Amino acid sequence: MDLFRNIILSLLVMLIGLSAEAKLASDSLVESTEKLVYKFDIKREIGPAAWRQTKDAFREADKLNADLILIHMNTYGGMVIHADSIRTAILNNKKPVYVFIDNNAASAGALISIACDSIYMRSGANIGAATVVNQTGQAMPDKYQSYMRSTMRATAEAHGKDTIVQAGDTIYKWKRDPLIAEAMVDPRTYIENVIDTGKVLTFTPDEAIKNGYCEGIANSVSEVLEKAGVKEYTIKSYEPSGIEKVVDFMINPVLQGILIMIIIGGIYFELQTPGIGFPILASAIAAVLYFSPLYLEGMAENWEIILFGVGVILLAVEIFVIPGFGVAGVSGIIFIITGLTLSLVDNVAFEFEPRHIKTIVASLLLVIFSMLVAIVGSIYLSKKLFSANSFLGHLALSTVENAEEGYVGVDMRAKSMVGKIGVAMSVLRPSGKVIIDNQIYDAKSEDGFIDKETEVEVIRFETGQVYVIKKEDDE
């Protein structure tokens, strides 16, 4: 009986073990059927930021070993060079890439969408209108259109052909007709029952499905995955890095204008009171904050930043080395304005086409307006910053010591200095240094710039500073 009982117990243990293994295998099978979907958005103008985020998203999707990538798109287009980079990354990606067009996939957005393995569109969305235009909406010359036509055709062709045998004949049918892709660029293209000449092709969802440019209509990401046959899945969404968020914030035109004001204001304050240091430090920090995001965005080129730096150096030479205000100072100001302006303009090719001229003029106006506001504001602040009613008023002595109240300890130099003759130790712009009776004084010119080593006459003396004018020549 004991032997029989032991045999029964052994069989039960084996059955329990086999059941557990079967359950683990079943659970593993269930887990293996769950897909990891990596989703990221392209809901902005196609440009350096969109390309940079696409690279980051693809890199993270590969690191997470995602099963498929889903692009949630809504864009009116953008720059061809960055759209081409994105479409190349999609075509070369080993994982399937789907796109959900949530309203618009125009121009560069159409090129990116066609590169994807599957296209899904929301009701009322559209795809197409990929003619290359300038910023005024006018079509670019044919050399640009030719490149775009070829790129669109090649992208459609990359999805291959289907081989169909009918009545003994072998027919090759493109999965996405290259001629349709070309018609999205060239209004001269004619396709029977699709588009007449003289029109640029743009598809609605139903038209896109009919012509092989859309796999289905969906109104949400979950519906896209359902129509794609993905039943069990987990979605991991791309989150922009902290640097990306900072760059997006820093390239705001309003903030760029404020930074220009700080740059110019700092330089202006340093011109007025050489040697203080703080204004030029603020200007330098603002310059770094101004150029860094533009450089990361691919807008500010190295030579444009160098041009700005050379301008600052020339202005510094004019302030501290060369008397007067001549070629170095004027050249420095021109270089500074040029560097600031061209850094706001992408791909300056000096072709002087309408799109370049309009952008350059808009950028120049922003820079000049910001400079004027900075100068006017600096003049105002220089008068009001340390007034008795300002928040920095406690840093300046504002108490009046009246004689009738017993205050008699006055500096008699105020009267004795008036009329004395000295020599400008540095250029007065209008502030600087003068030598009077072999002593160095802080001085301020009352009649404009005064060159170094020019004779000056004291007209008043206040709070340790002399106010001077050029000494008139005796006749």
Side-chain angles (χ1 to χ4, degrees), residues 33-44 46 50-51 53-75 77 82-128 130 152 154-160 162 174-177 180-181 184 203-239:
T33 61
E34 185 173 276
K35 303 289 185 182
L36 176 59
V37 179
Y38 191 90
K39 184 181 80 71
F40 73 98
D41 297 342
I42 298 182
K43 297 181 179 180
R44 62 188 304 162
I46 307 301
W51 167 226
Q53 290 181 0
T54 299
K55 288 189 292 184
D56 291 344
F58 276 31
R59 193 180 300 116
E60 186 176 5
D62 185 60
K63 186 177 180 180
L64 295 173
N65 196 28
D67 294 287
L68 65 91
I69 297 173
L70 177 63
I71 300 174
H72 198 169
M73 176 178 288
N74 184 12
T75 179
H82 297 294
D84 184 44
S85 298
I86 295 173
R87 75 106 193 184
T88 301
I90 293 171
L91 292 175
N92 293 335
N93 194 67
K94 295 179 181 179
K95 303 179 187 299
V97 182
Y98 298 169
V99 61
F100 173 38
I101 301 174
D102 193 353
N103 202 25
N104 293 297
S107 192
L111 174 62
I112 295 170
S113 298
I114 294 172
C116 295
D117 298 285
S118 296
I119 301 173
Y120 294 88
M121 302 175 68
R122 180 185 290 275
S123 298
N126 58 72
I127 178 174
M152 292 286 282
T155 305
E157 290 173 359
H159 294 286
D162 291 324
W174 291 104
K175 291 183 178 179
R176 291 187 184 151
D177 189 347
I180 287 178
M184 293 182 179
F203 278 148
T204 65
D206 288 333
E207 292 168 343
I209 292 172
K210 179 181 178 182
N211 291 280
Y213 273 72
C214 179
E215 274 63 47
I217 298 175
N219 292 308
S220 65
V221 169
S222 59
E223 195 172 340
V224 168
L225 295 173
E226 181 182 348
K227 288 183 177 291
V230 182
K231 302 298 183 183
E232 301 291 334
Y233 59 85
T234 299
I235 296 179
K236 174 67 173 70
S237 297
Y238 169 77
E239 291 293 336

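This one's a predicted model, so the numbers in the text were calculated from it and none came from an experiment.
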| task | Tell me, with the steps shown, if Leu111 and Ile46 meet side chain to side chain contact (heavy atoms under 4.5 Å, CB included). | result | CA-CA 11 Å; Leu111 174 62; Ile46 307 301; over 6 Å; no

| message | Checking Ile90 against Ile71 for the side chain to side chain contact (heavy atoms under 4.5 Å, CB included) test, could you report, in this order, the C-alpha distance in whole Å, the side-chain angles of both residues, the deciding distance, and whether it holds? | response | CA-CA 10 Å; Ile90 293 171; Ile71 300 174; 3.8 Å; yes

| query | Shortest non-hydrogen contact from Ala115 to Leu91? | reply | O-CD2, 3.5 Å

| message | Under a 3.5 Å distance rule, please check whether Asn74 uses its side chain to pair with a backbone N or O of Asn104 as donor and acceptor. | response | yes

| note | Ala89 and Trp51 have their tightest heavy-atom pair at CB-CZ3, 4.0 Å

| field | pair Ile119-Ile101: side-chain heavy atoms closer than 4.5 Å | value | yes

| task | Grab the two heavy atoms, one from Met73 and one from Ile112, that are nearest each other, plus how far apart they are. | result | CE-CG2, 3.7 Å

| said: Checking the side chain of Asp117 only, and the main-chain atoms of Tyr98 only, is there a donor and an acceptor separated by less than 3.5 Å? | reply: no

| Have Glu60 and Tyr38 got a donor and an acceptor in their side chains that come within less than 3.5 Å? | yes

| query | Looking only at heavy atoms, which two atoms of Met121 and Thr204 are closest? And how far apart? | reply | CE-C, 4.2 Å

| field | Residue pairs involving residues 205-230 (criterion salt bridge (charged side-chain N to carboxylate O under 4.0 Å, His left out); sequence neighbours excluded) | value | Arg176-Glu215

| task | For side chain to side chain contact (heavy atoms under 4.5 Å, CB included), just list the numbers for Phe100 and Cys116, CA-CA rounded to whole Å, side-chain angles, deciding distance to a tenth of an Å, and then say yes or no. | result | CA-CA 10 Å; Phe100 173 38; Cys116 295; over 6 Å; no

| request: Please tell me if the side chains of Tyr233 and Leu68 come closer than 4.5 Å, counting only heavy atoms from C-beta onward. | output: no

| note | Residues Tyr213 and Ala156: closest non-hydrogen pair is OH-CB, 3.6 Å

| field | Ion pair Asp56/Arg59, N-O distance below 4.0 Å | value | yes

| Would you find a donor on one side and an acceptor on the other, under 3.5 Å apart, between the side chain of Thr75 and the backbone of Gly77? | yes

| message | Evaluate Cys214 against Ile127 for side chain to side chain contact (heavy atoms under 4.5 Å, CB included), listing each step before the verdict. | response | CA-CA 10 Å; Cys214 179; Ile127 178 174; over 6 Å; no

| Who are the salt bridge (Lys or Arg N to Asp or Glu O under 4.0 Å) partners of Asp102, not counting sequence neighbours? | Arg122

| field | Asp62 and Lys95, any side-chain heavy atoms less than 4.5 Å apart | value | yes

| remark: Tightest non-hydrogen contact, residues Pro205 and Ala125, listed as CD-O, 3.1 Å

| task | Quick one: pull up NZ in Lys236 and NZ in Lys39 and give me the separation to the nearest 0.5 Å. | result | 10.5 Å

| Side chain His159, main chain Ile114, donor-acceptor under 3.5 Å | yes

| note | Between the NZ atom in Lys63 and the CG atom in Asn65, the distance rounded to the nearest 0.5 Å is 13.0 Å

| message | To the nearest 0.5 Å, what is the distance between OG on Ser237 and NE2 on His72? | response | 10.5 Å

| task | Measure from the side-chain N and O atoms of Asp162 to the backbone N and O of Lys175, and report whether any donor-acceptor pair falls under 3.5 Å. | result | no

| Do Ile69 and Phe40 have side chains that get closer than 4.5 Å, going by heavy atoms? | yes

